[in-house]
Amino acid sequence: MLRTDWGKFIKRIDTNISIILVVVSLFSGAMNQLAFFSKAQTVETAFYFYDSSLFSGITNYIMPVLVAVPISGFLSEELEKGYYNLVIMRTMKIKYVVSKVVVTILSGMYIMTVGSVLFYFILNIMGYPVMQDANSTLYGLYGETIYYALAEQGKGILAAALHMFNYVLTTIPWTMIVLAVCLYIRNKYLLMVIPVLVDKVLILIGYSDSRFSNINPSVWNTMTSAKVFEPMGGLFYVLKVMGIIVCIGVALFLVGMRRKFKNG
């Protein structure tokens, strides 16, 4: 069942449109930097342009809606059609719930990953290396981070992959919000914008400040030091917060599905 649901999701038109828009958004964020370095004929890296795009507002203005639209449509359409009734006649209820939870978690990660890989690939074709070995310029931008530590070891590809993983993780809260409320909100268009509204509220009340950077997923950075795993923060902290968000989303979805199963 999970394979069937996943197959349906990745073949959706809005899923593929979101991937294209991720690429377009990344390029729009990096365009000024691309023009500058092309004019100066200075060799820069795809890693730098990707980072510039993300910090130009992609993560907190574009990503929430791009990852929410496809899964919102997918979940709401199945619920409207009563698909779950047909499914549970042939399989266990738990399989239905597990399938929807897994597809929801993977949906945003898939969109952001494919879009980011395409962005890196296009820049590589344009002649920009993924990441250079460690140098003074790179140290000035990423010194004392895991990215520079890996560049020093000649592992630029791994540094870029970890960097991308950092932002792929931030898609999970937005898609889990959709899963948590899809049974309580009937309008799929409203469902699509809820992650964006939540994000804007977090920013409005100050959760984009450095003091709260580990709470608002828009500004999460899991690898801010040369250590990937930090006892009191970093990846461990973010994964813990992710676990809490996933559990809350699943709990709300289970409560809603239990009512639906009970009422037929």
Side-chain angles (χ1 to χ4, degrees), residues 5-35 37 44-75 102-131 147 156-179 191-196 198-200 216-223 235 238 242 245:
D5 280 347
W6 184 247
K8 287 180 181 178
F9 178 80
I10 62 175
K11 291 175 183 176
R12 290 179 62 88
I13 294 176
D14 48 12
T15 299
N16 292 294
I17 289 175
S18 284
I19 291 171
I20 294 170
L21 290 176
V22 166
V23 179
V24 172
S25 298
L26 289 170
F27 266 105
S28 68
M31 198 56 67
N32 291 334
Q33 299 289 344
L34 279 168
F37 285 109
E44 260 303 335
T45 65
F47 179 93
Y48 176 77
F49 293 129
Y50 184 70
D51 198 53
S52 299
S53 296
L54 293 167
F55 280 99
S56 67
I58 302 303
T59 49
N60 60 330
Y61 290 106
I62 307 296
M63 189 196 302
V65 69
L66 291 184
V67 300
V69 167
I71 196 62
S72 297
F74 177 72
L75 291 172
V102 173
V103 169
T104 299
I105 292 173
L106 294 179
S107 62
M109 297 177 72
Y110 170 76
I111 290 167
M112 189 64 184
T113 300
V114 176
S116 299
V117 169
L118 285 173
F119 177 76
Y120 270 112
F121 181 69
I122 294 169
L123 283 178
N124 196 247
I125 290 176
M126 292 170 65
Y128 296 99
V130 172
M131 190 171 182
Y147 311 124
I157 299 293
L158 180 57
L162 281 174
H163 190 234
M164 187 171 72
F165 176 66
N166 179 41
Y167 289 97
V168 165
L169 276 179
T170 66
T171 66
I172 295 176
W174 308 130
T175 54
M176 287 307 294
I177 287 173
V178 174
L179 180 74
L191 193 62
M192 290 174 183
V193 300
I194 279 182
V196 186
V198 170
D199 181 53
K200 295 300 168 282
N216 183 1
S218 291
V219 287
W220 271 346
N221 192 342
T222 61
M223 297 155 196
L235 190 56
V238 171
M242 286 292 184
I245 291 170

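Small disclaimer: the values here were computed from a predicted structure and weren't measured.
Under the 3.5 Å distance criterion, the side-chain polar atoms of Thr113 are left unmatched by any main-chain donor or acceptor of Tyr110. Not a single donor-acceptor pair under 3.5 Å links the side chain of Thr104 to the backbone N or O of Thr175. Judged purely by atom type and a 3.5 angstrom limit, Thr15 uses its side chain to pair as donor or acceptor with the backbone of Phe9. For the pair Ser18 (side chain) and Val67 (backbone), a donor-acceptor distance under 3.5 Å is absent. The backbone N or O of Ala30 sits nowhere less than 3.5 Å from a side-chain atom of Ser52 that would complete a donor-acceptor pair.
The distance from atom CG of Asn124 to atom OG1 of Thr45, rounded to the nearest 0.5 Å, is 11.0 Å. Here the straight-line distance linking atom CG of Asp14 with atom CG of Leu66 works out to 11.0 Å at 0.5 Å rounding. How far CG of Asn16 is from CG of Leu21: 11.0 Å, rounded to the nearest 0.5 Å. Annotation: the span from Ile172 atom CD1 to Met112 atom CE amounts to 12.5 Å, rounded to 0.5 Å. Note: Met192 CE to Ile71 CD1 = 10.5 Å, rounded to the nearest 0.5 Å. Tyr120 OH to Ile157 CD1: the interatomic distance, rounded to the nearest 0.5 Å, is 9.0 Å.
Between Thr171 and Ile111 there is no side-chain heavy-atom pair separated by less than 4.5 Å. Two residues are said to be in side-chain contact when any heavy atoms from C-beta on lie closer than 4.5 Å; Leu123 and Tyr50 fail this criterion.
Scanning all heavy atoms of the two residues, the minimum distance from Met242 to Leu169 falls at CE-O, 2.5 Å. Between Leu26 and Gly115, the closest heavy-atom pair is CD1-O, 4.2 Å. Among all heavy-atom pairs drawn from Tyr167 and Met63, the shortest one is O-CE, 3.8 Å. When every heavy atom of Phe74 is checked against every heavy atom of Asp5, the shortest pair comes out as CZ-O, 3.8 Å.
Take Phe47 and apply the ring pair (Phe, Tyr, Trp, His ring centres under 6.0 Å) test, not counting sequence neighbours, and it matches Tyr142, Tyr147, His163. Remark: Phe27 engages Phe119 in a ring pair (Phe, Tyr, Trp, His ring centres under 6.0 Å) (not counting sequence neighbours).
Counted within 6.0 Å of CD1 on Ile125, heavy atoms from surrounding residues, nucleotides or ligands total more than 12; the atom is thus considered enclosed.
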